[in-house]
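Every chain is numbered from 1, with letters handed out A, B, ... down the list of sequences.
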There are 2 protein chains.
Amino acid sequence: MSKKELPVLQPAQSVPGLPGVLCCTPLAREPLGEADATDLAKVFKALADPVRLRLFSLIASFEGGQACVCDLTGEFDVSQPTISHHLKVLRDAGLVGSERRGTWVYYWVLPRTLGRLSGLLAPAETGALV
Amino acid sequence: MSKKELPVLQPAQSVPGLPGVLCCTPLAREPLGEADATDLAKVFKALADPVRLRLFSLIASFEGGQACVCDLTGEFDVSQPTISHHLKVLRDAGLVGSERRGTWVYYWVLPRTLGRLSGLLAPAETGALV
DNA sequence: TGTCAACATAGACGTATGTCGAAGAAGGAG
DNA sequence: CTCCTTCTTCGACATACGTCTATGTTGACA
């Protein structure tokens, strides 16, 4: 790396501001705080793109749960740098992890973030309203 | 309401060929199709804003499950037209419903869309992959 | 050492998005 | 009818975002 050895992904997994949000509070239980909303929005924003959604889904359903970038680029109509950019967004959001092994860089889904999101979106009390 | 337009995810619930999107296909089970990804991204995009997340959470946790716009505007630092804009985005995404009653317009959460999203994000089979 | 392949980064460019103030539409009260 | 309140729509603006090409970095191999 040019500057430091670790990318910006540090904050995404051990975030100081994020633990409350992505922990266990159902979205529909109590009003979301301002800081929590900001952090949570970043995660949703990472998923708010068709290419990233397909990338994420593709990685998750890959054999062995891992895929190198070369496995992914062929599936899309966008250029390789664009794929790289989207992978970085997913990584910064804590949705995927990555590691370089030899020539290739492998990506995998971080199930914890995914599960937390799922829990957040679970309807508060099923069938209560409307 | 004023117009005849239907939420974006209408096709997702009536199409037999691709019921996958907002129905029951876990994101991490099989690669997401291009069309499905586009539709799904619109829903996530609707949630990818701090104000909209707080709006959504606020409506959901409101007494009675409903809130008029006047109940919401005071909670934010943005102008009332901006709130109205965000509510429209949430409504177009199928996340909330709305109805005019007299002078006021009430909004409520549509739990079905929420539940579908939650199911989509659920880790494929817990512990199966990665 | 040199060369090639796999990814990442940088800069640029067009479009989308969030925000505002001003104006419009829809009801209620008088 | 007129006035007021509530909410939506309309332009306009600055910023953020997705994409590209070009270039940089890293590792394998001869």
- Message: Using side-chain contact (heavy atoms from CB on, under 4.5 Å), reason through His86(B) and Phe76(B) one step at a time and then give a plain yes or no.
- Response: CA-CA 12 Å; His86(B) 284 310; Phe76(B) 298 87; over 6 Å; no

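- Remark on the helix from dT1(C)-dA30(D) to dG30(C)-dC1(D): inter-end axis angle 20°, axes from five-pair C1' superpositions, rounded to 10°.
- Annotation for Ala48(B) and Lys45(A): closest pair O-CE, 3.3 Å, computed over non-hydrogen atoms.
- If Thr73(B) and Ala48(A) are placed on DNA chain D by their nearest nucleotide, the residue sitting closer to the 5' end is Thr73(B).
- The one candidate from Leu90(B), Leu114(B), Thr113(B) that meets the side-chain contact (heavy atoms from CB on, under 4.5 Å) condition with Val96(B) is Leu90(B).
- Side-chain atoms of Asp71(A) come within 3.5 Å of backbone atoms of Cys68(A) as a donor-acceptor pair (strictly under, hydrogens ignored).
- One can place CG of Leu87(B) at 10 Å from C1' of dC7(D), the figure rounded to the nearest angstrom.
- Within the 4.0 Å cut-off from OP1 or OP2 of dT6(D), not a single side-chain nitrogen or oxygen of Thr103(B) is found.
- Rounded to a whole Å, the NZ atom of Lys42(A) is 12 Å from the P atom of dA16(D).
- Between the OH atom of Tyr106(A) and the P atom of dA6(C) there is a distance of 11 Å, given to the nearest Å.
- The CZ-P distance, from Arg100(B) to dT8(D), rounds to 8 Å in whole Å.
- Each of dA8(C), dG18(C), dT26(D) was ranked by its minimum atom distance to the side chain of Val69(A); first place goes to dA8(C).
- Atom CD1 of Ile83(B) and atom P of dT19(C) are 8 Å apart (whole Å).
- Regarding contacts with the backbone of dT8(D), a side-chain N or O of Tyr107(B) is found under 4.0 angstrom from either OP1 or OP2.
- Across residues 50-59 of chain A, Val51(A), Arg52(A) each have a non-hydrogen atom less than 4.0 Å from an atom of DNA chain D (numbered order).
- Between Trp108(B) and Glu99(B), some side-chain heavy-atom pair lies under the 4.5 Å cut-off.
- Within the structure, every side-chain polar atom (N or O) of Ser79(A) is placed at least 4.0 Å from both OP1 and OP2 of dT19(D).
- Closest to the side chain of Gln80(B), from the set dC7(C), dC7(D), dT9(D), is dC7(D).
- In terms of phosphate contacts, Thr82(B) brings no side-chain nitrogen or oxygen within less than 4.0 Å of OP1 or OP2 of dG18(C).
- Between the CG atom of Asp92(B) and the C1' atom of dT9(D) there is a distance of 13 Å, rounded to whole Å.
- Distances shown here put every side-chain N or O of Lys88(A) at or beyond 4.0 Å from the OP1 or OP2 atom of dA8(C).
- OP1 or OP2 of dT19(D) has at least one side-chain nitrogen or oxygen of His86(A) nearer than 4.0 Å.
- Under the 4.5 Å side-chain criterion, counting only non-hydrogen atoms from C-beta, Tyr107(A) is not in contact with Leu55(A).
- For Trp104(A), the listed nucleotide lying nearest its side chain is dA6(C); candidates were dA6(C), dC17(D), dA8(C).
- Rounded to whole Å, the distance from CG on Leu90(B) to P on dG18(C) is 10 Å.
- Distance CG (Asp49(A)) to P (dA16(C)): 13 Å, rounded to an integer number of Å.
- Here the nucleotide nearest the side chain of His85(A), chosen from dT19(D), dC7(C), dA8(C), is dT19(D).
- Remark: Leu53(B) CG to Leu40(A) CG distance equals 5.0 Å, nearest 0.5 Å.
- Contact of the Val51(B) side chain with the Thr82(B) side chain is not registered, since no non-hydrogen atoms from C-beta on lie closer than 4.5 Å.
- Follow the hydrophobic side-chain contacts under 4.5 Å out from Leu95(A) and you never reach Tyr106(A); the two are in separate clusters.
- When side chains are defined from C-beta on, Val89(B) does not count as touching Asp49(B), because their heavy atoms never get closer than 4.5 Å.
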